[in-house]
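Quick notes on the structure that follows.
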Amino acid sequence: MIRGCSQIQNPSKEPIFLFKKLIKRGYPNPNSFTLAFVLKACAIISASQEGRQIHSHVLRTGFNSSPFVQTAMVNLYAKCEEIGLARKMFDEIPERNLVTWSTIISGYARIGLVNEALSLFREMQMAGISPDEVTMVSVITACASTGALDLGKWVHKFVDKYVIKVDLELSTALVNMYAKCGCIERAKKVFDEMPQRDTKAWSSMIVGLAIHGLAEEALEVFSRMLEANVKPNQVTFVGVLSACAHSGLVSEGWRFWSSMLEFGIEPVMEHYGCMVDLLCRAGFIEVAYKFVETMPISPNPIVWRTLLMGCKEKGILEKGEFVAERLLELEPLNPENYVLLSNLYAANFQWEKVSYVRKKMKENGIQAIPGCSSIEVDGFVHEFVVADRSHQESYEIREVLRDVTDRVRRVGHDPWTSAVLHDVEDEEKKSALCEHSERLAIAYGLLKTKAPTVIRIVKNLRVCGDCHEVTKIISKVYEREIIVRDRVRFHRFFNGTCSCKDYW
DNA sequence: GTAGGGTTAG
């Protein structure tokens with residue numbers, strides 16, 4: 001009964017209540033089955049308080065020697081964002097089996113601690129345990145979040161080499177991984193070769209195409225999904241709406257938004273976020289603002305921030321200031337909000353207000369998140385922060401950067417100094433742009449690899465306008481394909497143009 | 001009657 005009611009669609013505390021009832025009655029005593037089930041029920045709803053109580057019950061009754069209970073406890077703490085505790089439990093288990101290892105690896109992979117996940121994956125093999133398809137899903141998920149394509153390819157080869165069963169979940173993880181690592185062709189290939197596809201598989205493909213700015217294809221896949229009689233869910237529509245947003249398909253976006261209700265899907269915050277983004281990017285700031293004002297759920301910081309970003313892009317000062325106020329009320333400690341507001345002022349040449357924002361940040365002890373870009377060369381990930389000089393080959397990188405600057409100037413590019421937010425002299429602004437982390441990473445790519453190797457960059461923030469322009473030029477004058485994964489999407493630079501068609 | 005896995009807005 002406890003297990004049964006934790007497996008329904010909308011999980012609740014019901015299984016935990018049942019367990020409490022059982023304890024209150026005093027008999028029969030829970031055994032390893034009961035405990036594993038109720039721990040799992042806690043994990044599903046991240047009930048860490050109740051989980052801890054059951055943990056102490058486990059210790060009192062001696063069931064902590066059951067491998068099922070042990071694994072359930074590791075899983076519980078991993079799902080409750082207590083990875084340190086999960087690890088402690090894991091380390092204390094004397095005999096770890098395939099499932100125990102998979103549990104801890106998935107725990108790290110889920111929260112993006114990729115290196116930990118991967119080193120446990122190696123340790124597991126050294127301990128003589130062979131991974132199966134469930135383990136590999138977590139390892140592939142870890143690869144997806146790094147964006148390191150070579151690593152992902154290596155893991156895919158590993159799956160083939162050890163003849164690990166490629167089931168629905170593993171294929172979906174591969175589609176997602178290839179898409180997130182910037183190789184949409186391989187994502188499509190895996191997807192096309194799947195013998196069957198469920199909602200998550202289709203959604204993965206749609207989201208993947210959306211982040212690559214391939215809106216038409218995403219919408220085509222969506223109609224194929226409907227033809228195949230697979231029901232879309234909320235995530236599917238996040239993909240569909242974000243595809244529209246990334247390509248400026250405003251009327252299509254509205255249409256899909258309206259059709260959600262016909263599919264019986266209630267819009268959630270993510271969908272509102274997509275719609276605000278769609279409207280803002282297309283320049284309909286006023287409409288976006290009205291949309292936010294009339295939302296039936298209270299807008300979260302991301303929605304406000306999207307709106308503020310729109311105001312900044314279009315240089316709409318007053319509304320922007322008002323939006324920033326709402327945002328800072330909700331999220332006074334997020335550095336991004338201050339940077340955005342400061343950029344809004346800088347775009348309007350309001351230098352005094354720029355310094356005021358900077359001062360306010362300083363007062364509140366808030367530091368801007370530095371831009372950081374990485375590039376994988378020969379299986380090693382090189383990381384660059386803005387204005388980084390710590391790399392071993394920093395001198396050579398600077399030489400490449402100078403060459404880039406020269407050649408870019410020669411084709412008539414004038415740096416977009418408005419992308420620099422400080423009130424400094426023009427020349428200084430121009431050199432500040434050259435220090436952006438993606439420039440350093442691209443320069444390193446130019447230095448260490450030769451065409452036709454694709455230069456693949458992963459960046460933690462959005463690409464700035466000037467870097468976007470310069471990268472387009474680099475792709476032409478150096479004849480290199482460059483793929484940049486920024487905070488929200490991919491840009492594929494080739495022969496002087498970008499796949500985003502400058503709409504981003 | 002047992003434990004581990006895939007898709008989510010800026």
Side-chain angles (χ1 to χ4, degrees), chain A residues 1-4 31-40 43 63 66-76 78-79 93 96-107 109-110 131-141 144 165-177 179-180 191 194 197-208 210-211 232-246 267-278 280-281 299-310 327 334 336-337 340 461-462 486-489 504:
Chain A
M1 198 60 219
I2 288 170
R3 185 175 186 228
N31 62 12
S32 65
F33 289 81
T34 335
L35 291 164
F37 295 154
V38 72
L39 284 166
K40 164 87 179 186
F63 282 106
S66 153
F68 296 95
V69 175
Q70 289 164 347
T71 308
M73 289 199 296
V74 173
N75 183 46
L76 167 79
K79 294 276 152 66
I93 297 172
R96 302 164 201 153
N97 61 24
L98 171 62
V99 183
T100 338
W101 281 100
S102 300
T103 307
I104 193 72
I105 291 171
S106 113
R110 225 172 48 86
D132 68 357
E133 66 276 12
V134 180
T135 326
M136 295 317 289
V137 165
S138 297
V139 177
I140 292 165
T141 303
K165 194 175 150 214
V166 182
D167 60 10
L168 183 61
E169 287 86 351
L170 182 52
S171 313
T172 307
L174 284 172
V175 170
N176 178 50
M177 182 275 287
K180 297 273 162 70
F191 181 76
M194 286 172 74
R197 308 174 188 104
D198 65 357
T199 302
K200 287 181 183 177
W202 286 97
S203 304
S204 268
M205 192 67 250
I206 291 168
V207 169
I211 58 175
N233 66 7
Q234 293 185 326
V235 183
T236 321
F237 273 95
V238 168
V240 168
L241 295 178
S242 71
C244 294
H246 286 300
V268 294
M269 198 64 82
E270 284 88 340
H271 302 109
Y272 288 98
C274 288
M275 290 308 287
V276 174
D277 190 33
L278 172 80
C280 281
R281 289 195 210 211
N300 73 356
I302 299 181
V303 170
W304 285 118
R305 194 153 47 240
T306 307
L307 201 48
L308 178 55
M309 200 124 49
L327 179 57
N334 187 340
E336 285 177 54
N337 302 339
L340 256 178
L461 307 174
R462 298 227 64 180
D486 83 5
R487 176 96 180 246
V488 295
R489 61 164 296 159
W504 53 286

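Letters go in sequence order (proteins before strands), and every chain restarts at 1.
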Nearest-Å distance, CZ (A/Arg489) to C1' (B/dT8)?
17 Å
Please check the phosphate of B/dG4 (OP1 and OP2 only) for any side-chain N or O of A/Asn75 closer than 4.0 Å.
yes
Measuring from the side chain of A/Val238 (C-beta onward, heavy atoms only), which nucleotide among B/dT2, B/dT8, B/dG4 has the closest atom?
B/dT8
On a plain distance test, is the side chain of A/Thr103 in donor-acceptor contact with the base of B/dG4 below 3.5 Å?
no
Would you indicate what A/Ser171 reaches in the nucleic acid, counting non-hydrogen atoms under 4.0 angstrom: base, sugar-phosphate, or nothing?
nothing
Below the 4.0 Å mark, does B/dA3 have OP1 or OP2 next to a side-chain nitrogen or oxygen of A/Arg3?
yes
Verify the contact: side-chain N or O of A/Lys79 to OP1 or OP2 of B/dG5, cut-off strictly under 4.0 Å; return yes or no.
yes
Take A/Gln70 and A/Arg96, measure what side-chain contact (heavy atoms from CB on, under 4.5 Å) needs, and give me the verdict at the end.
CA-CA 9 Å; A/Gln70 289 164 347; A/Arg96 302 164 201 153; over 6 Å; no
Consider the side chain of A/Asn97, meaning its heavy atoms from C-beta on, and name the nucleotide among B/dA3, B/dA9, B/dG1 that approaches it most closely.
B/dA3
A/Arg462 CZ to B/dA9 P, straight-line distance once rounded to whole Å:
12 Å
Would you say A/Asn176 reaches B/dT7's phosphate, i.e. side-chain N/O to OP1/OP2 under 4.0 Å?
yes
Spacing between A/Met73 atom CE and B/dG4 atom C1', to the nearest angstrom
15 Å
Check whether any side-chain N or O of A/Lys40 sits under 4.0 Å from OP1 or OP2 of B/dG1, and answer yes or no.
no
Can you say whether a donor on the side chain of A/Thr172 sits under 3.5 Å from an acceptor on the base of B/dG6, or the other way round?
yes
Go through the N and O atoms of the side chain of A/Ser204 and the base of B/dT7, and report whether any donor-acceptor pair is under 3.5 Å.
no
Quick one: A/Ile93 CD1 to B/dA3 C1', roughly how many Å, whole number?
10 Å
Name the nucleic acid region contacted by A/Pro301, choosing base, sugar-phosphate or nothing; use a 4.0 angstrom heavy-atom cut-off, strictly under.
nothing
Is the aromatic ring of A/Tyr272 within stacking range of B/dA9, meaning centres under 5.5 angstrom and planes under 30 degrees?
no
Nearest-Å distance for atom pair CG/P, residues A/Asn233 and B/dT8:
11 Å
From B/dT8, B/dG5, B/dG10, nucleotide with atom closest to A/Val207 side chain:
B/dT8
OP1 or OP2 of B/dG10 versus the side-chain N and O atoms of A/His246: is any pair under 4.0 Å?
yes
Between the base of B/dG6 and the side chain of A/Asp167, is there a donor and acceptor pair under 3.5 angstrom?
no
Would you say the side chain of A/Thr141 and the base of B/dG6 hold a donor-acceptor pair, judged only by whether the two atoms sit under 3.5 Å apart?
no
If I take atom CD in residue A/Gln234 and atom P in nucleotide B/dT7, what distance separates them, rounded to the nearest angstrom?
15 Å
Of the listed B/dT2, B/dG5, B/dG10, the closest approach to the A/Met309 side chain comes from B/dG10
Atom NZ of A/Lys180 and atom C1' of B/dG6 are separated, to the nearest Å, by 11 Å
Testing B/dA9, B/dG4, B/dG10 for proximity to the side chain of A/Arg487, the answer is B/dG10
Please state how far atom CG in A/Leu307 lies from atom P in B/dG10, giving the value in whole angstrom units.
15 Å
